S.K.: 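Sharing a structure below in structure tokens format, with a few things to ask.
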Amino acid sequence: MAEQQFEDMEAFLRVAKYTLVKFTDMHIEMKEEAMDICITAVEKYPNDAEKCTQMIKDQMDKKFGAPWHVVVGKGFSYEITYEVRNLLYIYVGGRTAVLLWKM
């Protein structure tokens, strides 16, 4: 079976229905827990980014200590400063991006 080729990232994200890790430097255990938290929040609040980000932040602060920062959306760029081993940038369900980091 031939692999489907995509002209650009946007075309890929339109058809992707699974979580895509764009970048992370987290340890594997932390990454898996953070991804579970992010996926749950995005699926629970697909149309309410404010509640989604609050849920992710609260759970990450509780589980891994504060302060965590979260951006959820469909179109943004970023330039941040973060603690090493505390950054996760993923796409959930195709087009919703989640940027999670600790300072």
Side-chain angles (χ1 to χ4, degrees):
M1 180 154 66
E3 286 185 31
Q4 187 174 2
Q5 297 295 319
F6 297 98
E7 300 268 330
D8 58 15
M9 183 60 109
E10 184 66 27
F12 172 77
L13 293 174
R14 279 195 295 273
V15 298
K17 298 299 177 202
Y18 55 88
T19 303
L20 171 70
V21 177
K22 188 75 173 156
F23 179 80
T24 187
D25 66 350
M26 291 180 171
H27 292 289
I28 189 75
E29 298 84 14
M30 180 186 277
K31 179 188 89 168
E32 289 172 357
E33 290 185 46
M35 285 178 62
D36 287 343
I37 291 168
C38 293
I39 292 165
T40 301
V42 170
E43 289 175 349
K44 186 172 183 177
Y45 301 110
N47 298 315
D48 192 343
E50 188 174 339
K51 286 183 182 175
C52 180
T53 54
Q54 190 63 51
M55 179 180 172
I56 295 168
K57 179 179 175 28
D58 290 345
Q59 289 187 19
M60 291 299 291
D61 283 350
K62 217 181 297 182
K63 188 152 206 122
F64 298 107
W68 284 90
H69 306 278
V70 185
V71 177
V72 174
K74 294 193 179 352
F76 61 87
S77 61
Y78 68 93
E79 181 68 33
I80 60 171
T81 301
Y82 66 97
E83 282 184 20
V84 175
R85 312 296 279 166
N86 288 288
L87 174 67
L88 177 66
Y89 182 35
I90 62 174
Y91 285 93
V92 178
R95 298 186 58 121
T96 303
V98 178
L99 176 63
L100 174 66
W101 76 98
K102 185 175 185 178
M103 282 182 51

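In this text, all values refer to a predicted model and were calculated from it rather than measured experimentally. The figures here come from the full heavy-atom set of this structure, side chains too, leaving out hydrogens, waters and symmetry mates.
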S.K.: Might you work through the side-chain contact (heavy atoms from CB on, under 4.5 Å) test for Q54 and Y45, ending with a clear yes or no?
M.R.: CA-CA 11 Å; Q54 190 63 51; Y45 301 110; over 6 Å; no
S.K.: Do any N or O atoms from the side chain of K22 and from the backbone of A97 form a donor-acceptor pair under 3.5 angstrom?
M.R.: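 Absent.
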S.K.: Kindly give the heavy-atom pair with the smallest separation between L87 and M26, and that separation in Å.
M.R.: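 Closest heavy-atom pair between L87 and M26: O-CG, 3.6 Å.
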S.K.: Counting only heavy atoms not in E50 (residues, nucleotides, ligands), do more than 12 fall under 6.0 Å from its CD?
M.R.: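 Not more than 12 within 6.0 Å, no.
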S.K.: Return the CZ to OG1 distance between R85 and T24, rounded to the nearest 0.5 Å.
M.R.: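 Reported value, rounded in 0.5 Å steps: 8.0 Å.
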S.K.: Determine, using the 4.5 Å side-chain heavy-atom cutoff (strictly less than), whether V71 and M60 are members of one ILVMFWY cluster.
M.R.: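 In one cluster: no.
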S.K.: Are the side chain of K102 and the backbone of W68 linked by a donor-acceptor contact shorter than 3.5 Å?
M.R.: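 Side chain of K102 to backbone of W68, a donor-acceptor pair under 3.5 Å: no, none is there.
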S.K.: Can you measure from NZ (K31) to CD (E29) and round to the nearest 0.5 angstrom?
M.R.: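 Taking NZ in K31 and CD in E29, the distance rounds to 10.5 Å.
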S.K.: With under 30° as parallel and over 60° as perpendicular, where do the rings of Y89 and Y78 fit, or are they tilted in between?
M.R.: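 Y89 and Y78: perpendicular rings.
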S.K.: Looking at CG of L100 and SG of C38, how far apart are the two atoms once the value is rounded to the nearest 0.5 Å?
M.R.: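 It is 5.0 Å, given to the nearest 0.5 Å.
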S.K.: Which atoms form the tightest heavy-atom contact between I37 and I56, and what is the distance?
M.R.: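 Nearest heavy atoms, I37 then I56: CG2-CA, 3.9 Å.
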S.K.: Determine, using the 4.5 Å side-chain heavy-atom cutoff (strictly less than), whether L99 and Y82 are members of one ILVMFWY cluster.
M.R.: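 The answer is yes; both residues are in one hydrophobic cluster.
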S.K.: C52 pairs by side chain to side chain contact (heavy atoms under 4.5 Å, CB included) with which of T40, V72, T96?
M.R.: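 Per the side chain to side chain contact (heavy atoms under 4.5 Å, CB included) rule, the option paired with C52 is V72, out of T40, V72, T96.
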S.K.: Between atom NZ of K63 and atom CE of M30, what is the distance when rounded to the nearest 0.5 Å?
M.R.: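 Here the rounded value is 10.5 Å.
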S.K.: Please determine whether residues F23 and L20 belong to a single hydrophobic cluster, defined as Ile, Leu, Val, Met, Phe, Trp and Tyr linked transitively by side-chain heavy-atom distances below 4.5 Å.
M.R.: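 F23 clusters together with L20.
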S.K.: Give a yes or no on whether V21 and V92 share a hydrophobic cluster (residues Ile, Leu, Val, Met, Phe, Trp, Tyr; joining criterion: side-chain heavy atoms under 4.5 Å apart).
M.R.: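 Result: yes, single cluster for both.
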S.K.: Does V84 belong to the same Ile/Leu/Val/Met/Phe/Trp/Tyr cluster as W101, with side-chain heavy atoms less than 4.5 Å apart forming each link?
M.R.: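 No, because V84 and W101 fall into different hydrophobic clusters, even though each may have its own neighbours under 4.5 Å.
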S.K.: So how far is it from K74 NZ to Y91 OH, rounded to the nearest 0.5 Å?
M.R.: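 The OH atom of Y91 is 11.5 Å from NZ of K74, to the nearest 0.5 Å.
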S.K.: So, for N86 and D25, which heavy atoms are closest and what is the spacing to 0.1 Å?
M.R.: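 Nearest heavy atoms, N86 then D25: N-OD1, 3.2 Å.
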S.K.: When rounded to the nearest 0.5 angstrom, what is the spacing between CE in M103 and CD in E83?
M.R.: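 Reported to 0.5 Å precision, the distance equals 9.0 Å.
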